[in-house]
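For reference, the structure discussed in these notes is given below.
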Protein chains: 2
Amino acid sequence: MTYANDMSATQNSSSTARLASGLRPAVMRLRRRLANERDPEANLSMTSSSVLAALFTADELTLGALAALERVQPPTMTRTINALEDDGYVTRRPGENDRRQVLIAITDKGRQIVLATRARRDEWLSRRLEELSADERAVLRQAVPILEKLATA
Amino acid sequence: MTYANDMSATQNSSSTARLASGLRPAVMRLRRRLANERDPEANLSMTSSSVLAALFTADELTLGALAALERVQPPTMTRTINALEDDGYVTRRPGENDRRQVLIAITDKGRQIVLATRARRDEWLSRRLEELSADERAVLRQAVPILEKLATA
DNA sequence: TATTGTTATACTCTATAACTATA
DNA sequence: TATAGTTATAGAGTATAACAATA
């Protein structure tokens with residue numbers, strides 16, 4: 001049962017390949033786990049939460065910028081923003097210099113829901129993180145910006 | 001719904017909470033990036049690839065075990081296995097001791113596709129990983145088992 | 001009765017293509 | 001013509017509920 005042995009001829013690129021084929025399922029499985037554990041009371045999808053968090057910091061971004069940030073196509077972001085607008089968490093207005101653009105701004109209600117759900121939204125993940133060792137958390141703190149860099153590459 | 005008492009939860013664990021709210025979008029965005037970059041020639045979804053990789057190592061697993069591993073519900077795994085069986089990559093047979101179970105085994109054709117697509121499937125990710133520094137790759141190697149632990153928690 | 005898996009059904013997320021309006 | 005966003009449509013992935021077979 002030693003199929004791991006086909007990895008033992010370890011050149012530099014084969015080690016990287018092994019990292020790739022380990023990282024991919026890890027990301028996939030953790031993402032599904034997080035989707036299962038998200039707060040059901042705040043009726044926000046993971047993308048909606050992420051968009052609101054970005055707007056909480058940036059105040060106002062174009063729809064295209066949000067689509068690029070979240071790595072989705074513009075029609076997908078249009079639908080996400082529609083849902084957030086219906087709930088009163090964001091507003092649309094035309095761009096000032098370029099009126100083709102649509103500027104998305106967070107509302108007071110949107111800020112409130114971010115504050116209210118921030119702790120609870122990540123409750124499951126926070127608890128699991130607290131069960132890790134300090135060293136393991138330190139590894140993850142270092143890993144997050146690298147994962148973001150890969151996502152943006 | 002009231003937003004009153006939420007910030008009190010952040011006192012001791014604000015650092016962990018910050019890690020949680022950084023890790024979640026990073027995982028989400030990277031997963032979408034990986035989905036965009038997967039090999040279009042091998043007609044395997046990310047879940048199918050992951051299932052075949054698990055069976056490549058384990059030879060045979062129950063449908064329930066595969067569902068638990070991939071963090072999906074049994075009906076979802078049934079559909080994934082149906083597709084893999086249609087393509088001749090896996091076979092079904094009833095469990096020997098417990099005939100309610102369904103044992104999923106990888107076929108020779110399944111092994112071939114794993115070998116044939118392993119390098120190409122992760123080509124985009126492998127290239128991005130090679131562009132990182134050795135230190136960054138080392139961080140990710142340490143992070144992968146921690147991410148898996150979180151996914152399984 | 002409880003458990004393993006399947007079938008039926010529906011919902012969420014996402015994409016591509018075609019369109020509108022600006023540039 | 002080119003670009004930013006929307007509308008229309010379709011596909012992939014997933015879940016829950018009801019069911020069948022077996023324990």
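Chain identifiers are assigned alphabetically (A, B, ...) following the order of the sequence lines, protein sequences preceding nucleic acid strands; residue numbering begins at 1 within each chain.
- Note: CG (A:Asn36) to P (C:dT12) measures 16 Å, nearest angstrom.
- B:Thr152 places a side-chain N or O within 3.5 Å of a backbone atom of B:Glu148 that can act as its donor or acceptor partner.
- The base of C:dT14 does not come close enough to the side chain of B:Arg32 for any donor and acceptor atom to sit less than 3.5 Å apart.
- Summarising the geometry, the separation between CE on A:Met77 and P on D:dT3 is reported as 21 Å, rounded to the nearest angstrom.
- Side-chain atoms of A:Asp98 come within 3.5 Å of backbone atoms of A:Arg100 as a donor-acceptor pair (strictly under, hydrogens ignored).
- Not one side-chain nitrogen or oxygen of A:Thr62 sits closer than 4.0 Å to the OP1 or OP2 atom of D:dA4.
- Among the nucleotides C:dA10, C:dA15, C:dT7, the one closest to the side chain of B:Pro75 is C:dT7.
- Side-chain atoms of A:Arg100 and base atoms of D:dT3 include a donor and an acceptor less than 3.5 Å apart.
- Paired regions of DNA chain C, where each region holds three or more successive Watson-Crick or G-U pairs whose two hydrogen-bonding distances fall under 3.5 Å, are C:1-23 with D:1-23.
- Side-chain N/O atoms of A:Ser50 and B:Arg29 include a donor and acceptor closer than 3.5 Å.
- Between the C1' atom of D:dT14 and the CZ atom of A:Arg29 lies a distance of 17 Å, rounded to the nearest Å.
- Where A:Arg31 and B:Pro74 each meet DNA chain C at their nearest nucleotide, the meeting point lying more 5' is that of B:Pro74.
- Nearest approach of B:Thr16 to A:Arg137, heavy atoms of both residues: OG1-CD, 4.2 Å.
- Look at A:Thr76 and you won't find any side-chain N or O under 4.0 angstrom from OP1 or OP2 of C:dC13.
- Closest to the side chain of B:Val102, out of C:dT14, C:dT6, D:dT6, is C:dT6.
- With 3.5 Å as the limit, one finds a donor-acceptor pair spanning the side chains of B:Arg141 and A:Ser15.
- Atom CG in A:Asp98 sits about 12 Å away from atom C1' in D:dA2, given to the nearest Å.
- A straight line from CD of B:Gln73 to P of D:dA18 spans 16 Å, rounded to a whole angstrom.
- Donor-acceptor pairing under 3.5 Å is lacking for the side chains of B:Arg31 and B:Asn36.
- Between the CG atom of B:Leu103 and the P atom of C:dG5 there is a distance of 8 Å, given to the nearest Å.
- Looking at B:Arg32 and A:Thr47, their side chains do bring a donor and an acceptor atom within 3.5 Å of each other.
- The phosphate of C:dT7 has neither OP1 nor OP2 within less than 4.0 Å of any side-chain N or O from B:Thr78.
- One atom, CG of A:Leu63, and another, C1' of D:dT7, lie 14 Å apart when rounded to the nearest Å.
- Within 4.0 Å of B:Thr47, counting heavy atoms only, lie sugar-phosphate atoms of the nucleic acid but no base atom.
- Contact check for A:Leu150 versus B:Leu34: no side-chain heavy atoms found under the 4.5 Å cut-off.
- Between the CZ atom of A:Arg99 and the P atom of D:dG5 there is a distance of 14 Å, rounded to whole Å.
- Looking at heavy-atom distances under 4.0 Å, A:Asn97 makes contact with sugar-phosphate atoms alone, never a base.
- Contacts of A:Ser45 with the nucleic acid, taken as non-hydrogen atoms under 4.0 Å apart, involve only primed sugar atoms and P, OP1 or OP2.
- Between B:Arg92 and C:dT6, a side-chain N or O to OP1/OP2 separation shorter than 4.0 Å is present.
- Mapped onto DNA chain C by nearest heavy atom, A:Leu44 and A:Glu96 fall at different nucleotides, with A:Leu44 at the one closer to the 5' end.
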